[in-house]
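Right, one structure below, let's go through it.
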Amino acid sequence: MKEMKKISRRNFLKQLGGGTIATAAVLTGCKSKSDTKAIDEYKKQVEPPVGKMTYRTNAGTGDKVSILGYGMMRLPSKTENKDDYDQDMINQQVDYAIEHGVNYFDTSPVYCQGKSETCTGIALSRHKRSEYFVATKLSNFNRDFWSFEKSKEMYLNSMKQLQVDYIDYYLLHAVGGGMDEFNGRYVDNGIMDFLMKEREAGRIRNLGFSFHGYKTVFDELLATHEKYHWDFVQIELNYLDWDFANEISSRNVDAHYLYSELEKLNIPMVVMEPLLGGRLANLPQYMAAELKQREPERSVASWAFRYAGTPKGVLTVLSGMTYMEHLKDNLLSYCPLVPLTETEQKYLHQDVAERIVGLENIPCNDCKYCMPCPYGVDIPAIFVHYNKCKNEGLLPRDRMDKEYKEQRRAYLIGLDRKVPKLRQADHCISCGQCEPHCPQSIRIPRELRKISEFVEALKQDTLTRPQED
């Protein structure tokens, strides 16, 4: 054991075979018996330093904000029931984050089946109010909450659940579908005027919006800056979306445009989806191996986090850190941040991102905005499993293929482990309630139907043609 403690981080990762498989297991929260020893040793050898966090200053308030923000969207659970949240572990991870310099915590009334604000409030209330900035949102997606009374009730309830008497960063949640919708949710009902008065009174310190949507809407929203004085804006920024967001979905806007327009107005940016729901941490093995060869001591995910944190206009980068391993790895990326060089950014843009686009995956970020499904279908888990198998070259394609039998068995067993049978794609009735909420504009019922047909062909052992969609 004494000899093990002397092993350097580099040598430790080499002993794990370059670190690609073992580190991937750590970063995805895999807890199989075969990984237990590797994970335990990884924890011992990779301890983030205290007092090294990189901070960015909000020029409008003087806030020194940690470049790593804690997204409270994917909280740890006690059991396989994802809704059975482990408050003790949440407390422990929040404590560890604050100890290592994280001071920005982002939540919403709709995250974690409506439990995120409560869990976040319990964890943060154990600390001095001056130690953290809390961000939450007016998530009045449902038309039943478009009235002034219901929207105001949601806002006041957020402060109650978070156990605070002011909110540091308050967002209009997921705007961008259209100005008629924006006006209906925030302007015509008078709630925007109310929020501006709350900002004047100090109960909201910064007022902004999170954007998912069309370029024309983004431009119109920025045109209201003189009227509303947006204190910050939350955008999706990563090395795939920088140039290819619009190519992946016609509704999305390339991040380089969003960034440049906000920079012109000196509006601070909060970055969401630096990993695209984990897609940039779970790259195809040949891509992951290339990144590990360039930086053997860094995880695949660290490339995406360093990329998102490099632009100077970025105030903080949000990460939904379900497991302590996620938190520790991200802290290593930002304690301190070593910005990417122009050469490294070019490599991610031209070599990695272009090849990812060529994979033609379902562009699901696992944001869970489509949930809950009224019929119990676990939409994100189905898409994540499909994409993972496709990325790794393990998707069954034709029963005449040499690898078909093994791939067929692995796909079906893996699906049953990830998604209970009653929550699989064949239970979708195409009601369409999920589709309007998807930031990526995925035609969800259509994709579920295609996957259902694919799975049925595997079960009946009748798959005879390639699955390219």
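Computed over heavy atoms, backbone and side chain alike; hydrogens, waters and symmetry mates excluded.
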Check whether any side-chain N or O of [X] sits under 3.5 Å from a backbone N or O of [Y] as a donor-acceptor pair, and report yes or no.
X: Tyr55; Y: Gly101; answer: yes
X: His212; Y: Cys438; answer: no
X: Trp146; Y: Asn140; answer: yes
X: Lys115; Y: Pro109; answer: no
X: Thr54; Y: Leu337; answer: yes
X: Asn238; Y: Glu273; answer: yes
X: Arg56; Y: Gly309; answer: yes
X: Asn246; Y: Asp254; answer: no
X: Asn103; Y: Ser66; answer: yes
X: Tyr334; Y: Phe305; answer: yes

Taking the side chain as every heavy atom from C-beta outward, state whether [X] and [Y] have any atom pair closer than 4.5 Å.
X: Lys160; Y: Asn157; value: yes
X: Leu138; Y: Tyr170; value: yes
X: Leu327; Y: His100; value: no
X: Asp63; Y: Arg205; value: yes
X: Pro374; Y: Gln433; value: yes
X: Val110; Y: Lys137; value: no
X: Asp231; Y: Thr61; value: no
X: Asp426; Y: Val455; value: no

Salt bridge check, [Y] against [X]: does any charged N sit closer than 4.0 Å to a carboxylate O?
X: Lys328; Y: Glu47; answer: yes
X: Glu344; Y: Arg306; answer: yes
X: Lys421; Y: Asp416; answer: yes

Point-to-point distance, once rounded to the nearest 0.5 Å, from [atom1] of [X] to [atom2] of [Y]:
X: Leu195; Y: Leu207; atom1: CG; atom2: CG; result: 6.0 Å
X: Trp242; Y: Leu258; atom1: CH2; atom2: CG; result: 9.0 Å
X: Arg279; Y: Phe383; atom1: CZ; atom2: CZ; result: 12.0 Å
X: Trp230; Y: Phe232; atom1: CH2; atom2: CZ; result: 10.0 Å
X: Thr322; Y: Met73; atom1: OG1; atom2: CE; result: 10.5 Å
X: Asp378; Y: His385; atom1: CG; atom2: NE2; result: 12.5 Å

Could you tell me if Arg129 sits above the aromatic ring of Tyr166, with its cationic atom closer than 6.0 Å to the ring centre and no more than 45 degrees from the axis?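 Output yes; distance and angle both within limits.
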Of all the heavy-atom pairs spanning [X] and [Y], show the shortest one and how long it is.
X: Cys112; Y: Leu75; result: SG-CG, 3.7 Å
X: Ile382; Y: Ala425; result: CD1-N, 3.4 Å
X: Gly60; Y: Asn58; result: N-OD1, 2.9 Å
X: Met154; Y: Ser139; result: SD-N, 3.4 Å
X: Asp366; Y: Pro380; result: OD1-CB, 3.1 Å
X: Ile90; Y: Cys119; result: CD1-CB, 3.9 Å

Identify the residue among [options] that makes a ring pair (Phe, Tyr, Trp, His ring centres under 6.0 Å) with [X].
X: Phe218; options: Phe211, Phe182, Tyr259; answer: Phe211
X: His173; options: Tyr369, Tyr186, Phe145, Tyr155; answer: Tyr369
X: Tyr104; options: Tyr132, Phe133, Tyr169; answer: Tyr169

Which of these passes side chain to side chain contact (heavy atoms under 4.5 Å, CB included) with Cys364: Ile442, Ile379, Leu276?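 Option passing the side chain to side chain contact (heavy atoms under 4.5 Å, CB included) with Cys364: Ile442.
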Among Asn330, Asp329, Leu331, find the one that has a side chain to side chain contact (heavy atoms under 4.5 Å, CB included) with Met321.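 Of Asn330, Asp329, Leu331, side chain to side chain contact (heavy atoms under 4.5 Å, CB included) with Met321 is met by Asn330 alone.
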Would you say Arg443 has more than 12 foreign heavy atoms packed within less than 6.0 Å of its CZ?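 Counting neighbours around CZ of Arg443, 12 or fewer heavy atoms of other residues, nucleotides or ligands fall under 6.0 Å, so no.
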How about Arg126: does its CZ atom have over 12 heavy atoms from other parts shown lying under 6.0 Å from it?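 More than 12 heavy atoms, drawn from other residues, nucleotides or ligands, come within 6.0 Å of this atom.
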Side-chain donor-acceptor pair under 3.5 Å between His349 and Tyr307, yes or no?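 There is such a pair (donor and acceptor under 3.5 Å, judged by atom type) between the side chains of His349 and Tyr307.
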Are Glu447 and Tyr386 linked by a side-chain donor-acceptor pair shorter than 3.5 Å?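 There is no such pair between these side chains.
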Run the numbers on Ile67 and Met53 for side-chain contact (heavy atoms from CB on, under 4.5 Å), then give the verdict. CA-CA 8 Å; Ile67 191 67; Met53 175 63 69; 4.0 Å; yes
Gln93/Tyr70 under side-chain hydrogen bond (donor to acceptor under 3.5 Å, both in side chains): CA gap, chis, key distance, verdict: CA-CA 10 Å; Gln93 291 178 191; Tyr70 209 132; 2.9 Å; yes
Passes side-chain hydrogen bond (donor to acceptor under 3.5 Å, both in side chains), Asp88 versus Gln92? Steps please. CA-CA 6 Å; Asp88 289 339; Gln92 181 180 337; over 6 Å; no
So Gln87 and Asn91, side-chain contact (heavy atoms from CB on, under 4.5 Å) or not? Walk me through it. CA-CA 6 Å; Gln87 188 65 56; Asn91 292 350; 2.8 Å; yes
Applying the side-chain hydrogen bond (donor to acceptor under 3.5 Å, both in side chains) test to Ser116, which of Thr107, Asp106, Thr136 qualifies?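 Output: one option passes, namely Thr107.
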Residues Leu68, Ser319; criterion side-chain contact (heavy atoms from CB on, under 4.5 Å); working and verdict: CA-CA 7 Å; Leu68 176 60; Ser319 176; 4.2 Å; yes
Which is it for Ile451 and Ile362 under the side-chain contact (heavy atoms from CB on, under 4.5 Å) test, yes or no, and what are the steps along the way? CA-CA 11 Å; Ile451 290 177; Ile362 300 169; 3.8 Å; yes
